[in-house]
Amino acid sequence: MKTIAASAVRPRVAVHKFSSCDGCQLAFLNLGEDLLTLASRVDLVHFAEAGPLDPDTEVDVAFVEGSVSTPEDTERIRQIRAHSRLLIAIGACATSGGIQGLRNGVFDSQWVTQIYSHPEAIASLERSTPIASHVKVDFELWGCPVSGPQMLAVVNSLLLGVAPRDNADKVCTECKRRGYPCVMVTHGIACMGPVTRAGCGALCPSLGRDCYGCYGPAENANTDALAARFAGLGLDSVAVVQRFQSINSQAPVFLAAANKIRVSGND
Ligand code: SF4
Ligand code: SF4
Ligand code: SF4
């Protein structure tokens, strides 16, 4: 992929928000002192949550949080792509459609009239889709939310003129390297770590609880084997489908795993 070091002394950076909860932008803000250092090395020209506002300006790097959920979003993301040398999607909303993707395939316009007192003010698309479904994305950072250190590593790589490292290995690898007891083996708790992308440092198992897949599918994820393991732990097919249909429900690997269980007639 392209980098920015050769093209800009103090690269111009924007952070954009689409349909999301702002949690991934907060990961940026929570960098604290590192954010101040970063701000001295890049020119943060648009970051509504932090202050600067210039959404239509040309930038070297655009970070994009959130999914495409409205007709206006579809046009806005094209504009951002046209104004950005590099575009980086951050977080589960931007990479898979996010938790709001649970409506995909089951959307009923009657819900809008039942829920909102002024349904005419709602302009949602029937599907929530990732940024890469609409424009070219140069790099994706998965997670709900992404981790601040991961974001910093991406920016540092780009500043050094090297492509950011994509770690698509499984959470289990981080869990075992850190010596955490396996919650699935020791407590029989259904854990998504064997099929989930690394990057969080096995945060949930470090606290004695299961991974619920917030970093999305790892490469070579053996979802069949894990679904069988979950069944062996006593989960019925509905519960197994629910494990795959969570924050990253529309990630193709997780969606295919859930649909396979449904089609098998047990859900
Ligand atoms: S990925 Fe999660 S934390 Fe990030 S914006 Fe979406 S819902 Fe919020
Ligand atoms: S606790 Fe989860 S992530 Fe850790 S080794 Fe066991 S299955 Fe893998
Ligand atoms: S362990 Fe799983 S659910 Fe927990 S933060 Fe990491 S990827 Fe997300």
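Quick caveat: nothing in here was measured; it's all calculated off a predicted structure. Just follow the structure's listing: the first ligand is 1, and inside any ligand the first atom is 1. For reference, positions follow the sequence shown, starting with 1.
Remark: minimum distance from atom 7 (S) of ligand 3 to any protein heavy atom is reached at Y215 CD1, 3.5 Å. Among protein heavy atoms, atom 4 (Fe) of ligand 2 sits closest to C175 SG, 2.4 Å. Among protein heavy atoms, atom 1 (S) of ligand 2 sits closest to V183 N, 3.3 Å. At the top of the distance list for atom 5 (S) of ligand 2, counting protein heavy atoms only, stands K176 CE, 3.6 Å. From the protein, the heavy atom lying nearest to atom 6 (Fe) of ligand 2 is C182 SG, 2.3 Å. The protein atom (non-hydrogen) at minimum distance from atom 8 (Fe) of ligand 1 is C21 SG, 2.3 Å. Given atom 3 (S) of ligand 3, the protein heavy atom at minimum distance is Y212 N, 3.3 Å. From the protein, the heavy atom lying nearest to atom 2 (Fe) of ligand 3 is C211 SG, 2.4 Å.
Heavy-atom contacts of C172 reach the following atoms of ligand 2: 3 (S), 5 (S), 7 (S), 8 (Fe) (cutoff under 4.0 Å). With ligand atoms numbered from 1 in the order given, ligand 1 contributes 1 (S) to contacts under 4.0 Å with heavy atoms of G91. For ligand 2 and G193, the ligand atoms under 4.0 Å from any heavy atom of the residue are 3 (S). For ligand 1 and G143, the ligand atoms under 4.0 Å from any heavy atom of the residue are 1 (S). Each of the atoms 1 (S), 5 (S), 6 (Fe), 7 (S) of ligand 3 lies under 4.0 Å from some heavy atom of C200. Applying the 4.0 Å criterion to heavy atoms of S20 picks out, from ligand 1, the atoms 5 (S). Every atom of ligand 3 is numbered from 1 in the order shown, and the set under 4.0 Å from a heavy atom of P205 is 1 (S). For ligand 1, the atoms closer than 4.0 angstrom to any heavy atom of P145 are 3 (S). Heavy-atom contacts of A92 reach the following atoms of ligand 1: 1 (S) (cutoff under 4.0 Å).
Within the 4.0 Å heavy-atom criterion, the part of E65 lying near ligand 1 is the side chain and not the backbone. Heavy atoms of M192 found under 4.0 angstrom from ligand 2: none, in either backbone or side chain. At a heavy-atom cutoff of 4.0 Å, ligand 2 is contacted by the side chain of C191 but not by its backbone.
Between the side chains of D73 and T70, at least one donor N or O sits under 3.5 Å from an acceptor N or O. A side-chain donor-acceptor contact under 3.5 Å links K17 and S20. Side-chain atoms of Y212 and Q242 include no donor-acceptor pair closer than 3.5 Å. There is a side-chain donor-acceptor pair under 3.5 Å between Q100 and S67. Side chain to side chain, T57 and R12 meet the donor-acceptor criterion of an N or O pair below 3.5 Å.
Counting heavy-atom neighbours within 6.0 Å of Q114 CD, excluding the residue itself, gives a total above 12. Applying the 6.0 Å contact sphere to CZ of R178 captures more than 12 heavy atoms from other residues, nucleotides or ligands.
Ligand 2 lies less than 4.0 angstrom from a heavy atom belonging to P194. By the 4.0 Å heavy-atom criterion, C214 is excluded from the residues contacting ligand 1.
A salt bridge does not link D224 to R229: none of the charged side-chain nitrogens sits closer than 4.0 Å to a carboxylate oxygen. Under a 4.0 Å N-O distance rule, the pair E174/R177 does not qualify as a salt bridge. A salt bridge between R10 and D60 is absent, with no side-chain N of the basic residue lying under 4.0 Å from a carboxylate O of the acidic one.
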Chi angles and distances behind the side-chain contact (heavy atoms from CB on, under 4.5 Å) call for V15, Q25: CA-CA 8 Å; V15 182; Q25 294 179 75; 4.1 Å; yes

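Between E49 and L26 the shortest side-chain heavy-atom distance falls below 4.5 Å.
Aromatic rings from F47 and F63 are positioned such that their centres are separated by 6.0 Å or more.
For atom 6 (Fe) of ligand 1, the N/O/S atoms of C144 include none lying under 2.8 Å.
Both cation-pi conditions hold for R76 and F18: the charged atom is under 6.0 angstrom from the six-membered ring centre and inside a 45 degree cone around its axis.
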